[in-house]
Undergrad: 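Shown below is the structure under consideration.
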Amino acid sequence: MKKETIFYILAFFVVFIAVTGALSFSGSNNRLDNFHQVKIEEGDSLWSLAEQFHENANISKQEFVEWVQEKNDIYSSTIKPGDLVVVPVEKEEYYQIEQIASE
């Protein structure tokens, strides 16, 4: 094989990997836009959020906490007042529940 051919093959794979990575990264942020955000108040914890929302998410409290940690890049169980945290409850579902509760 010629050096030129090898160069083109390598260049193709580098570009392919870069484009795939860029699409994966931007796609995950867009998907999180569909989920409800919670502003953390004094005394809140990941477990108290799980207690409040896990039934709406149809998952266990443990799965809820793990999802929130993964999607929000939280590497401990500590959250601070004022933080915004995405929870695994779709916005549409959350607002429908709020409307029913207020009626």
Undergrad: Taking N34 for its side chain and E90 for its backbone only, find out whether a donor-acceptor pair lies under 3.5 Å.
TA: no

Undergrad: Could you report the tightest heavy-atom contact between L46 and S76, atom names first, then the distance?
TA: CD1-O, 4.0 Å

Undergrad: Would you sort out whether F12 and F7 count as a side chain to side chain contact (heavy atoms under 4.5 Å, CB included), showing the intermediate values?
TA: CA-CA 9 Å; F12 170 77; F7 173 76; over 6 Å; no

Undergrad: Please collect all salt bridge (charged side-chain N to carboxylate O under 4.0 Å, His left out) contacts where either partner lies in residues 64-89, sequence neighbours excluded, each pair once.
TA: none

Undergrad: Among all residues two or more places apart in sequence or in another chain, which pass the side chain to side chain contact (heavy atoms under 4.5 Å, CB included) test with I17?
TA: none

Undergrad: How far apart are the closest heavy atoms of W67 and V87, and which atoms are they?
TA: CZ3-C, 3.4 Å

Undergrad: Going through the checks in order, is the side chain to side chain contact (heavy atoms under 4.5 Å, CB included) test met by I40 and L49?
TA: CA-CA 9 Å; I40 302 304; L49 292 177; 3.8 Å; yes

Undergrad: Please enumerate all residues that pass side chain to side chain contact (heavy atoms under 4.5 Å, CB included) together with I9, with sequence neighbours excluded.
TA: M1, T5, F13

Undergrad: Taking only residues two or more places apart in sequence, or in another chain, which ones meet K61 in a side chain to side chain contact (heavy atoms under 4.5 Å, CB included)?
TA: W47, A50, E51, H54

Undergrad: With sequence neighbours excluded, what pairs up with Q37 under the side chain to side chain donor-acceptor pair (under 3.5 Å) test?
TA: none

Undergrad: Taking all non-hydrogen atoms of both residues into account, name the closest pair between A57 and P88 and its distance.
TA: CB-O, 3.2 Å

Undergrad: Could you check whether any side-chain heavy atom of H36 comes within less than 4.5 Å of a side-chain heavy atom of V86, counting everything from C-beta outward?
TA: no

Undergrad: Could you label the plane-to-plane angle of the F64 and F53 rings as parallel, tilted or perpendicular, counting under 30° as parallel and over 60° as perpendicular?
TA: parallel

Undergrad: Does the D44 side chain pair with the main chain of E41, one donor and one acceptor, at a distance under 3.5 Å?
TA: yes

Undergrad: What is the distance from atom NZ of K3 to atom CG of L10, rounded to the nearest 0.5 Å?
TA: 13.0 Å

